[in-house]
Structures are given as structure tokens and as C-alpha cells.
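Counting convention: from 1, in listed order, for ligands and their atoms alike.
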Amino acid sequence: MPLSTKHLLGIAELSPADIELILNTARSFREIFSRPIKKVPTLRGRTVINLFFEPSTRTRSSFEIAAKRLSADTINFNVSSSSVVKGESLIDTGKNLQSMNPDIIVVRHHAAGAPQLLAKHCRNCAIVNAGDGMHEHPTQALLDALTIQDHKGRFEGLKVAIIGDIAHSRVARSDCLLLVKMGAQVVVCAPQTLIPLDFASYGVSVTNDIDVALDGADVVIMLRTQRERQREVFYPSVKEYFAFYGLNKRRLAMAKKDAIVMHPGPINRGIEIDPEIADCRQSVILEQVQNGVATRMAILYLLLGGRQTPAEEIIA
Ligand code: CP
């Protein structure tokens with residue numbers, strides 16, 4: 001069964017069956033990572049362009065590694081040395097890149113809706129959203145889902161606490177959309193100033209009390225305080241933020257004993273998470289990064305080649 005979408009623009013457009021297909025395919029691809037030669041020829045002759053208008057460590061590197069493990073050619077478009085600095089628009093940049101016949105353009109942009117705009121104007125290739133403003137980060141939500149499934153084996157009935165700068169977080173939005181779609185019980189927690197008014201309509205519960213959020217949680221997702229997007233003062237000081245909303249050992253003890261701690265990165269140690277907790281036994285933060293490669297392999301594969309050959313046959 002193929003994906004129901006030509007592009008991957010957001011979790012909002014994916015069905016539960018699409019999500020299951022991506023997670024199952026990613027799980028199959030993980031086997032390649034333990035091979036001496038971590039490469040299959042599936043996407044040979046295909047081209048993936050990484051078009052990142054914002055900084056990235058994990059997403060861009062993992063898309064490049066994912067494409068290379070599938071034998072696709074990859075181009076990392078460097079915005080600061082491109083004609084964007086001469087004033088070329090996003091649409092013109094996309095149309096010019098499309099003229100070189102790539103198969104996929106992976107785009108990260110500071111403006112919400114930029115991937116949707118590219119998809120409208122670049123009809124000959126697939127567009128993948130690698131994070132658009134404060135809107136969505138669908139591939140992060142999918143790799144988070146894979147990590148949760150690895151540890152918990154299900155979504156139904158899980159209590160997932162998402163704590164931190166909800167207002168500026170595209171990860172929070174995509175995680176909420178995906179987890180609610182898959183049957184988890186999601187509670188988001190932040191100071192009131194960092195909770196958008198529309199969030200309750202996502203089918204999640206909202207609290208300003210971290211103890212309520214953590215009580216009996218199976219999964220704790222901490223979010224980075226996104227100071228680069230905060231144009232106002234949302235809390236009195238970093239010290240106070242950590243005192244009221246930082247995850248420490250005492251607070252984590254309120255979650256279930258086998259709760260996992262997640263964070264999309266980059267981490268602000270000592271602001272939203274105690275360094276001791278970031279590196280503790282319950283932390284799966286680096287597993288999330290590893291799952292990022294497998295998840296992005298699955299997405300590239302399903303958008304391009306997955307309709308012809310099942311992933312199991314490729315890795316056999
Ligand atoms: N999680 C995430 O998007 O990290 P990067 O900004 O490093 O890509």
C-alpha cells in the first residue's frame with residue numbers, strides 16, 4: 001500500500017495507515033545500520049536537495065545520511081552562499097532547483113507554510129517539510145513515534161507529557177497531531193504565556209502545573225526554550241523557568257518508573273532539563289537521533305520507490 005500523499009508537508013495530512021507504513025518501513029531499514037556496508041541501491045540515480053533556510057544539525061545530517069544509505073545523490077543547498085542573499089525569492093529558488101530535475105526537495109524555512117508554497121509551484125518533485133516556522137516538523141514527530149513504539153510497543157492509552165515552550169514549537173504541534181491520531185493521551189504543560197490559545201482544540205489537555213503533567217506519565221517530551229523566536233519576555237528569568245518547568249530527578253520520579261525522557265534537541269542543559277536527566281538511563285534522546293536516519297530513509301523511499309518494491313525485499 002503506498003503513502004496517500006505525494007509530498008510530506010505535515011502530520012495533519014497523514015492517515016494513521018500512512019503513519020504505520022512509515023514506522024514499519026523505518027524499522028525494516030534499521031537493519032542496514034549494523035551492516036559493514038550501510039548502503040542499498042534502491043534510490044540510485046535519484047537526487048535529493050536539502051534546502052535549509054534555518055540552522056540544523058540533526059535534521060539536515062540525517063536526511064543526507066538517509067539519502068546516501070539509499071544511494072541517492074544529495075545536494076546540500078547553502079543559503080548563505082546562494083542567490084537568496086541577492087534577493088531571489090523562495091518560489092524562484094524552488095523553480096530554478098526544480099529545473100535541474102531533483103526527485104525530492106527537503107525544505108526547512110522560518111516561515112510557516114513555506115513547504116506548502118513550494119509544493120504548489122514545484123509540481124515535478126516531492127516536497128518534504130523539515131520544519132516550517134512555528135507550524136510543523138512532521139519528520140521529527142515520526143521519529144519520536146518510532147522511539148515511543150520501540151519502548152512502549154503501542155500508543156493507545158499512553159500518557160505523554162509534552163513540557164516547555166509549546167508556543168514556539170513546531171515539534172509540539174506535530175507530536176500532538178500524531179500522538180492524538182494514534183490514540184495516546186497527551187498533556188501539554190508550560191507557563192500560560194507559552195501555550196497558544198488553539199492547543200486545546202487538538203484533543204490534548206493543557207496545564208501550567210508540571211507536577212500534574214508528569215504524574216503517571218509513560219513518556220516525557222521536554223522542549224527547548226526557543227529564545228531565537230521569542231520576541232517578548234515570556235517568563236521572568238531562566239533561573240525561574242528552570243525552577244518551575246525544568247525536568248530534574250525529583251520531578252521525573254512522579255512519572256512512571258519506566259517512563260522515557262525525550263527531547264528533539266538541541267538541548268539547553270540547565271534551562272529545560274537538568275544535565276543529569278539528559279544523560280540518565282531513562283533518556284532516549286540519542287536513540288531519537290538514530291531513529292531520525294531510519295525514519296527519513298523510509299520517507300524518501302516511500303515518496304520515491306516504495307510503490308514498486310517492499311522495504312523487506314530491499315534489505316533481504
Ligand atoms: N530536532 C531538530 O530539528 O534538530 P535540528 O534543528 O538540529 O535539525
Engineer: When only distance counts, is T59 in polar contact with ligand 1, meaning an N/O pair under 3.5 Å?
Structural biologist: yes
Engineer: Run the numbers on E272 and H263 for side chain to side chain donor-acceptor pair (under 3.5 Å), then give the verdict.
Structural biologist: CA-CA 10 Å; E272 68 263 358; H263 192 304; 2.8 Å; yes
Engineer: Checking a contact table here: which protein heavy atom is nearest atom 7 (O) of ligand 1, and how many Å away?
Structural biologist: T57 N, 2.8 Å
Engineer: Would G265 count as a contact residue for ligand 1, given that I'm defining contact as a non-hydrogen atom of the residue lying under 4.0 Å from a ligand atom?
Structural biologist: yes
Engineer: Tell me whether P266 has any N or O atom under 3.5 angstrom from an N or O of ligand 1.
Structural biologist: no
Engineer: What's the separation between atom CD1 in I210 and atom SG in C189, rounded to the nearest 0.5 Å?
Structural biologist: 5.5 Å
Engineer: What residue and atom, counting heavy atoms only, is the protein's closest point to atom 4 (O) of ligand 1, and at what distance?
Structural biologist: R58 NE, 3.0 Å
Engineer: Is C122 close to L118 at the side-chain level, that is, under 4.5 Å between some pair of heavy atoms?
Structural biologist: yes
Engineer: Quick one: does ligand 1 sit under 4.0 Å from the side chain of R108, the backbone, both or neither, non-hydrogen atoms only?
Structural biologist: side chain
Engineer: How about K39: does its NZ atom have over 12 heavy atoms from other parts shown lying under 6.0 Å from it?
Structural biologist: yes
Engineer: Which of the numbered atoms in ligand 1 are under 4.0 angstrom from any heavy atom belonging to Q140?
Structural biologist: 1 (N), 2 (C)
Engineer: Can a non-hydrogen atom of H137 be found less than 4.0 Å from any atom of ligand 1?
Structural biologist: yes
Engineer: Can you tell if the side chain of R35 reaches within under 4.5 Å of the side chain of V40, non-hydrogen atoms only?
Structural biologist: yes
Engineer: Is it the case that atom NZ in K38 sees more than 12 heavy atoms from other parts of the structure closer than 6.0 Å?
Structural biologist: yes
